[in-house]
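Naming: A, B, ... by sequence-line order, numbering from 1 per chain.
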Amino acid sequence: MTTTTINAPGPVSRVRNAARANWLFISLGAIALVSLVRIVTDTNDLTSPGTIRAAIIATCPILMAGLGGLWAERAGVVNIGLEGQMILGTWGAAYFTYHSGSPWIGVLGAALLGMVGGLLHAVATVTFGVDHIVSGVAVNLIGAGVTTYLAEATFTDLEGGGPRQLIGLKAPTDVTIPGVSDAALNLADKHWFFISDVASFVAAMTTRISLLSLAIFALVLLSGLLLWRTTFGLRLRSCGENPQAAETLGVNVYRYKYVAVLVSGALAGIGGGFLALVASSGFSTNQTNGRGYIGLAAMIFGNWRPGGLLAGALTFGYTDSLRLRDTHAVHSLLLLVAVALLVLVVVRLVRRQVAGAIAMAVPGVALLVWFLATDSVPRDFTSMTPYVTTLFVLALGTQRLRMPAADGKPYRKGSAG
Amino acid sequence: MRTFNLKAIGLSLVAPAIAIVVSLLVTTLVIAAVGSSPSDFWSTMFEVPKPRSRIDIINQTGMIYIAAVAAAIGFRMGLFNIGLEGQYTLASYAAAAFAGGAYLSGFANVAVTLLIAIAVGAAWSGIAGVLRTTRGVSEVISTIMLNSIAITLVGYLLNRYGVHEGNTVRTTKIDLVTGFSPYEDRDGQIWTLTIIAVLVGVGFWLLLNKTRFGFDLRASGQSDSVAKASGVNPTRMIITAMALSGGIAGLIWMPALFGKASSFGLGTSFQAGLGFLGIAVALLGRNRPLGMLFGAVLFAFLSVKSNDLTFATDVSPSIVQITQGVAVLAVVIAYEVVRRWRAQLEQRAVGQDLVTATEAPA
Amino acid sequence: MTQESVAVELRGIGKRFPGVIANHDVDLTIRVGTVHALIGENGAGKSTLMKILYGVQKPDDGTITINGHAVVLKTPTDAIENGVGMVFQHFMLADNLTVLENMVLGAEKLHGIGDAARTEIARISDRFGFGLEPDVLVEKLGVADRQRLEIAKVLYRGARIIILDEPTAVLVPQEVDALFANLRELKDAGNSILFISHKLDEVLDISDDITVMRRGTTVGTADPRTTTKLQLAELMVGSELPSPETEESTVTDTVQLTLDDVSLADEFGRNLLTSISLQIRRGEVLGIAGVEGNGQAELVETIMGMRIPDTGRILLGTEDVTNWHTRELREAGIGYIPEDRHRHGLLLDAPLWENRILGHQTQAPNAKGPWINRSGARKDTDRIMAEYDVRAPGIDTPARALSGGNQQKLIVGREMSGDPVLLIASHPTRGVDVGAQSAIWDHIKRARRAGLAVLLISADLDELIGLSDTIQVILRGRLVGSFEPATVTPQDLGSAMTGGAAA
């Protein structure tokens, strides 16, 4: 055994910088790839400002659900009750917006209702040690039931309301940054390689974007800082990694788990609120339609990290929005995924991971053949994308995925030592 | 010995009793909170069901019970098959499409259709089993993903190959199997294939309590390490149990298909949501054949009777979803509390024995 | 010695658990600035004592005095506040957090979680030569680095009294040397160290004082400068060994189990078992002695088909069973008394008659084809309960309700049923009362006379010497010595088990 003593702070910052450079490189590569496919297939809608705008709207609820999942799982509680908490949020947002006249009060109401769902889950899993999955299933049942019932009981007689909906809600303000927006729209219209695609993105982020969307992106950043840069975050994460160790060091594990699950519910609730207030023209029953689960998938795809979650949510949101736009664009998506997979095959081959390369080459080639052999793709297939992707990532990347070590394991006080 | 058993039975009934009281209480509070009358609600719900409702309750009980058994097979060995919903949707579609094709006639058509439903359900859940054993993917996540994939896939297949009628699309209609009418014709029939629920229930009981496989299954559920040391092969066990669970799930909607629906249409004739109800009932009934029967009757009763609410009260029928959800959460918490209480009692009993026992080396 | 020079004084400590008296009348005095070794066999009560000193468990009797003040330690936090820190044998580290994060967790108030903490870690690391890199994930660290991190964690919290629970158990010799260098530095800086071990060489090498525990109490102290290893071994295992009963040998010529050059490695490629070769004949009991964690569990699991060896062959009779699965081996007539009956031997919530079936699901009288033979199993459970004196209300009682001794008698009865050809008995009388112990011994002896081959693994030397025809010693996954029970001395066994002298 020889101990390597490196006292300089060098290696770490180097590692971090390398990771950052990697991310930048991957992002640039992804944009270039999309741009290339757009030009080859002559599908400008693939990255038009309109598409990106729709993608951002589709991303936000997934992102909130995923962020909720991140908070809970980082503290060691698996929360598949996200769907139920999100549904509760849709009702909360509609109810409080209608009666207060302010969408922001509505967002708080959504958070509150989501938090109630989180509280149920926390009581069951943390205090009583019920299996996390079982409790999550129950929370989903309750969330759906409560929302359906409350909607019928409270929205039926309202203006714009009905037993299953409430429309005409005041939405959070849209903002446009005057100079930047116009310039970017202009550039995007030129359909240049790479530049126009980036411009589209800038345009979408600066033109009639909901303040709530911006707030949601801010929440992701804030969560990242809170969880990874503060004492509070360190203690919370320690509960998800090794609660026994945390306990021997004087951390009140129960308290942190409670906080995490409550925040988790609140975030999912806000995601539901976004659906009612921004993504559509109002509340409707069962509006979430499985987005809580997609959020969970995005979080796993993102390896339980905020950056990865953002990438996952954007990917899923993008495919989701494309489905609603242009069938031609969906067809181009085939080529995009095929090329992306084949690029990964090359990367793996370079790293001499032959098995992994083959595992990716098969679907890659299949998609390419599909693209070449057909003119259009049924829209249904794009809505499967998040789920199929997640299954693939889980099946092929289990070694690279790193969930919190004590995630989902019941914990009782006094089990240390 | 006898007192011990009585105590055990008493303890095992405490949890469901608490759960039902809590869920009724919460329901009452929710109704009162939105300004409706709880007493109207309760008097309507607890009215003796009309003949038509009785038949509906029996038919619904059958399907919910099959779903509960499907869930319980997984749960009994510690596997969470959250994917019943997808398994039975896909299986129901495949079965309805095959039956509609009328390749066979009469009894043969029904029998082969059922086999197809089982095979498709088993294959779909088997994916999760294989992913778990070969790649270590948690079956919870994979079955959730497979749920959504299945439902989308069915939507696509139906659109592509189904019969379009105005805004709706369905599979080709089939001949119904005549059921059993205990009352007048207008009250409807008890579906013939509800017999599947009986068979599945008896089969589950037999499998669990009378066969080696069932013993291995229960042993795996109680302790992985003990089961492995006793010679159980975990890989084979997981895949078999998962496929079995999915296969039973494939049968969930079959009574309705041949009893009343005659074709598969998403959002129309097909009754979605039975998978999640089944999971709830399995939890409520502690995965025991009789417990689940009780749970299935309760849930079916609540669902069917809630339709009367629309005419008699201003309470929406969806209130029973809250009752059902709260009952499940309350029962799992109550079981956990009772379990801890029991463990304490046992420890105390052992502690007392010790005072008189010989000193053992540490 | 003066009062000021005493860091910790324990007087009359006692602790009882259901079924076990873990500690009684324990006295221990640790001087300031010394390494104090606490030695004893597994189960001698060392772990309980440490947990009492670290506030994890509360003593039923006795007093704890730290630096001259009587204290009551209810939680680890109390212990930390009194300057006591502990390094658990199973490290309390979060793999997915960095060194820095693990270090500051719970002690963020001291130096924050940023640069001040980094500086403090660098100070401790440099002072004692720990070589810690704050931003590396703990999962990337080797065992020795993790241990240094654990020690640093304790120092970071200002502990002056450090408990180390079998710190060398997980280290290779060079790492042990490095650890000892660290410990000497800590001592020179005025810290007091309680060092728990059963490796006598190491104890003599590092400690200033030695306290020996046996059967839950402290049985003596020793001065490492004047004590020999043999004396220590005798103190540890007790001087009186039973003379083996002069039973006639029943060993036959028919070989029942053969292990031929069997090796097994863990997922990281570390050897768990190295070139194990042994033979057991019909009517022979082969005893395996060794300090726990030296490969006994892996040896048993390999023979039972729960692990497949990387190299070598296993023969049952003349048949090659190396790659057989557990169930096939059990069907071929191997009985198995597992070391941990709760993890491997019983379904605690299932009734006794179902536990009778466990492990023999496919065999008569428990099964008929694919069906469970309920009445057969129930009847046979009655038989076992009568023959093996299992005291329980009835065969429908859940196993959990039985005392440890009765649970074990049920397992022994079950595994002896159906005429096994080979019995793997792992600590067959651990945690059972004296009556059950002698009953179980009698059953094993009787089966041996009837021609059963037995592999006996035990930490109890009385048991090994009383039952075995041959005793082999296992150390770090190798068989290192063979002894005749009739002539062996505790010193021989003690030194072979602890790697003292080659036998």
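Annotation: maximal heavy-atom pairing with chain B below 4.5 Å, among A:Gly143, A:Gly84, A:Gly129, A:Ala153, occurs at A:Gly129. For chain B, the option among A:Thr154, A:Thr127, A:Ile133 with the highest count of heavy-atom pairs below 4.5 Å is A:Ile133. Interface check for chain A: of the options B:Ala330, B:Pro317, B:Ser318, the most heavy-atom pairs under 4.5 Å are formed by B:Ser318. Per-residue heavy-atom pair counts under 4.5 Å with chain A were compared for B:Thr134, B:Val320, B:Val326, and the maximum is reached by B:Val326.
Both the backbone and the side chain of B:Ile319 come within contact range of chain A, each with at least one heavy atom under 4.5 Å from a heavy atom of that chain. If you measure heavy-atom distances from A:Val137 to chain B, the contacts under 4.5 Å come from the side chain alone. Contact annotation for B:Ile151: neither backbone nor side-chain heavy atoms come within less than 4.5 Å of a heavy atom of chain A. The contact between B:Ile279 and chain A is made entirely by side chain atoms (from C-beta outward), counting heavy-atom distances below 4.5 Å. Of the atoms belonging to B:Val337, it is side-chain heavy atoms, and not backbone ones, that fall under 4.5 Å from chain A. For chain A, the nearby part of B:Arg340 is the side chain; its heavy atoms alone come within less than 4.5 Å. If you measure heavy-atom distances from A:Ala297 to chain B, the contacts under 4.5 Å come from both the backbone and the side chain. For B:Val34, the part lying near chain A is the side chain, with the backbone staying farther off; criterion is any non-hydrogen pair under 4.5 Å.
When side chains are defined from C-beta on, A:Tyr149 counts as touching B:Val315, because their heavy atoms get closer than 4.5 Å. Looking at heavy atoms from C-beta onward, B:Phe80 lies in side-chain contact with A:Asp131 at the 4.5 angstrom threshold. The shortest distance between side-chain heavy atoms of B:Ile149 and A:Leu391 falls below 4.5 Å. Within the 4.5 Å cutoff, the side chain of A:Met384 has heavy atoms near those of the B:Leu153 side chain.
Distance check, rounded to the nearest 0.5 Å: CG of B:Leu329 to CG of A:Leu120 gives 6.0 Å. Distance check: A:Tyr387 OH to B:Ile141 CD1 gives 12.5 Å after rounding to the nearest 0.5 Å. The line from OG of B:Ser138 to CD1 of A:Ile300 is 7.5 Å long, rounded to the nearest 0.5 Å.
Around CG of B:Asp40, the count of heavy atoms belonging to other residues, nucleotides or ligands within 6.0 Å exceeds 12.
Here the shortest heavy-atom pairing between A:Gly145 and B:Ile322 reads C-CG1, 3.5 Å. Nearest approach of B:Gly325 to A:Leu141, heavy atoms of both residues: CA-CB, 4.0 Å. Between B:Ser316 and A:Glu152 the shortest heavy-atom distance is OG-OE1, 2.7 Å.
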